[in-house]
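Reading through the structure tokens given below for one structure.
Residues take their numbers from the sequence shown, with the count starting at 1.
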Amino acid sequence: MVSLSILTYILGYLFWILLFVSMLTPWLSMKSLEKARLRLISLIEGKYKHRVITMIHRQEKIGLLGIPIYRYIDIEDSEAIIRAIRSTPPNMPIMLILHTPGGLVLAASQIARSLKMHPGKKVVVVPHYAMSGGTLIALAADEIIMDPNAILGPLDPQLGVSNGVYLPAPSILKAVETKGKDKVEDQTLILADMAEKAINQVKGLVVDLIKDKVGEEKAKFIADRLVSGYYTHDYPITVEQIREMGLKVSTEVPLEVYDLMTLYPQARTNRPGIEYLPYPSVPRSAREQRDQS
């Protein structure tokens, strides 16, 4: 009787120990991967003399049911990257590694403008894909490096209509043009007005990002090709097509970037999509100028 109660007591303890270990193991695994990524980022920075920032968006799974969560460029991403760029010394080159399906135009445009304004050299590396807003960010770089099989994507704005449905702005304009303004509802006319404005705004942003590299006329051509509905929104734009547009693209992706990508598995727990080695919140040169003044 006594031995049975002792056995029950031990089994109870074992249950709680196993439960604790099962809860702790994913966290330890996540921390191990995080440390491995930071070590490799440090190695890349030391070898190539660039500040390395990553924006890696994978589909993640959480919970026992494996519910998928899709990652996109959002305001938290723009805040993190702008903070990283701000803390980078002005004369230090930046290497931004992108792997993303796109996301909010507001967040992507903030990142693109911030990257463009950095005085040092800017390099964007695309090992697999950078669609939509990711393409916008890539255009802000002085140099785009892509895997030979990597792709970018069109930048045609998508407007929400109802029940989570999004329609491409160029198609809205084409529908109104085909049917005639007097034969569509007021709501469609409002959408068409918004679509026209959205297209012009994104075109203007693209031109601002690349005109210093290709000239204004070529920049307008590229903007029209990417924004005006020449491609469907999920069309994969290859390295060859990007070069045909007039943009320079290298395919010499640093080998360490491929190693880094293997350290971003589809984890079962949430993790940040953006990581970089911490720098002083104010770059040293800027701080010295402020102190001297």
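Linking Ile, Leu, Val, Met, Phe, Trp and Tyr whenever their side-chain heavy atoms come within less than 4.5 Å puts I44 and L263 in one cluster. Using a 4.5 Å cut-off between side-chain heavy atoms of Ile, Leu, Val, Met, Phe, Trp and Tyr, with links allowed through other members, I81 and L104 fall into different hydrophobic clusters. Taken together through direct or relayed side-chain contacts under 4.5 Å among Ile, Leu, Val, Met, Phe, Trp and Tyr, V123 and I56 form part of one hydrophobic cluster. I172 and L226 fall into different hydrophobic clusters, where Ile, Leu, Val, Met, Phe, Trp and Tyr side chains are chained together by heavy-atom contacts under 4.5 Å. Clustering ILVMFWY residues whenever any of their side-chain heavy atoms sit less than 4.5 angstrom apart, transitively, puts I137 in a cluster other than the one holding I75.
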Verdict with reasoning, V253 to M146, per side-chain contact (heavy atoms from CB on, under 4.5 Å):
CA-CA 6 Å; V253 176; M146 299 172 61; 5.6 Å; no

side-chain contact (heavy atoms from CB on, under 4.5 Å) between I242 and K248, worked out:
CA-CA 8 Å; I242 296 166; K248 293 182 179 180; over 6 Å; no

Show your reasoning for whether side-chain contact (heavy atoms from CB on, under 4.5 Å) applies to N200 and E196.
CA-CA 6 Å; N200 291 334; E196 185 176 10; 3.9 Å; yes

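Of the N and O atoms on the side chains of K203 and S228, at least one donor lies less than 3.5 Å from an acceptor on the other residue. Neither side chain, Y231 nor D156, offers a donor N or O lying under 3.5 Å from an acceptor on the other. Side chains of D77 and H57: a donor-acceptor N/O pair is present below 3.5 angstrom, by distance only. Checked by atom type, the side-chain pair T100/Y129 shows no donor-acceptor distance below 3.5 Å.
The closest donor-acceptor contact from the side chain of T188 to the backbone of V184 lies at 3.5 Å or more, if one exists at all. Remark: the backbone N or O of V249 is paired with a side-chain donor or acceptor of R243 at under 3.5 angstrom. Looking at T88, its side chain does come within 3.5 Å of a backbone N or O of A84 through a donor-acceptor pair. Formation of a donor-acceptor pair under 3.5 Å by the H118 side chain with backbone atoms of K116 is not found in this model. Between the side chain of S114 and the main chain of Q110, no donor-acceptor pair closer than 3.5 Å is present. Checked by atom type and distance alone, the side chain of Q158 never pairs as donor or acceptor with a backbone atom of Y166 at under 3.5 Å. In this structure, T251 contributes its side chain and D147 its backbone to no donor-acceptor pair below 3.5 Å. Counting only distance, with no hydrogens or angles, the side chain of T135 and the backbone of A130 share a donor-acceptor pair below 3.5 Å. Checked by atom type and distance alone, the side chain of Q241 never pairs as donor or acceptor with a backbone atom of V239 at under 3.5 Å. At distances below 3.5 Å, at least one donor-acceptor pair connects side-chain atoms of T262 with backbone N or O atoms of D259.
Between L209 and K213, the shortest heavy-atom distance links the atoms O-NZ, 2.9 Å. Of all non-hydrogen atoms in A138 and L98, the two that sit nearest each other are N-CD1, 4.3 Å. Between V202 and P157, the shortest heavy-atom distance links the atoms CG2-CG, 3.8 Å. Scanning both residues, A192 and V176, for their nearest heavy atoms gives CB-CG2, 3.8 Å. Across G133 and L155, no two heavy atoms sit closer than the pair N-CD2, 4.5 Å. Closest of all the heavy-atom pairs between V124 and A141 is CG2-CB, 3.6 Å.
For the atom pair CG of L247 and NZ of K218, the computed distance is 9.0 Å after rounding to the nearest 0.5 Å. Remark: E256 CD to I97 CD1 distance equals 9.5 Å, nearest 0.5 Å. Taken to the nearest 0.5 Å, the CD1 atom of I41 stands 10.0 Å off from the CD1 atom of I53. Atom CG in D208 sits 8.5 Å away from atom CD in E216 (nearest 0.5 Å). Rounding to the nearest 0.5 Å places NZ of K220 at 11.0 Å from CG of D224. From L40, atom CG reaches atom CE of M261 across 12.0 Å, with rounding to the nearest 0.5 Å.
Side chains of R51 and I85 form no contact here, defined as non-hydrogen atoms less than 4.5 Å apart. Using a 4.5 Å cut-off on side-chain heavy atoms (C-beta onward), I237 and Y235 make contact. Here the side chains of V227 and P154 are not in contact, with every heavy-atom distance at 4.5 Å or above. A 4.5 Å side-chain heavy-atom check between K49 and E45 finds every atom pair outside the cut-off. Annotation: side chain of L152 is in contact with side chain of V126 (closest heavy-atom distance under 4.5 Å). Looking at heavy atoms from C-beta onward, I73 lies in side-chain contact with I111 at the 4.5 angstrom threshold. The side-chain heavy atoms of L277 and S42, taken from C-beta on, include a pair separated by under 4.5 Å. Contact of the I94 side chain with the H50 side chain is not registered, since no non-hydrogen atoms from C-beta on lie closer than 4.5 Å.
Remark: T232 engages D234 in a side chain to side chain donor-acceptor pair (under 3.5 Å) (not counting sequence neighbours). Considering only residues two or more places apart in sequence or on other chains, K174 meets the salt bridge (Lys or Arg N to Asp or Glu O under 4.0 Å) condition with none of them.
The salt bridge (charged side-chain N to carboxylate O under 4.0 Å, His left out) contacts involving residues 123-146 comprise K121-E143, K122-D142, where partners must be two or more places apart or lie in separate chains.
Crowding of E240 atom CD: a count of heavy atoms from other residues, nucleotides or ligands under 6.0 Å exceeding 12. Within 6.0 Å of OH in Y258 there are more than 12 heavy atoms belonging to other residues, nucleotides or ligands.
Ion pair D193/K197 flagged as a salt bridge, since at least one NZ, NE, NH1 or NH2 atom sits closer than 4.0 Å to an Asp/Glu carboxylate oxygen.
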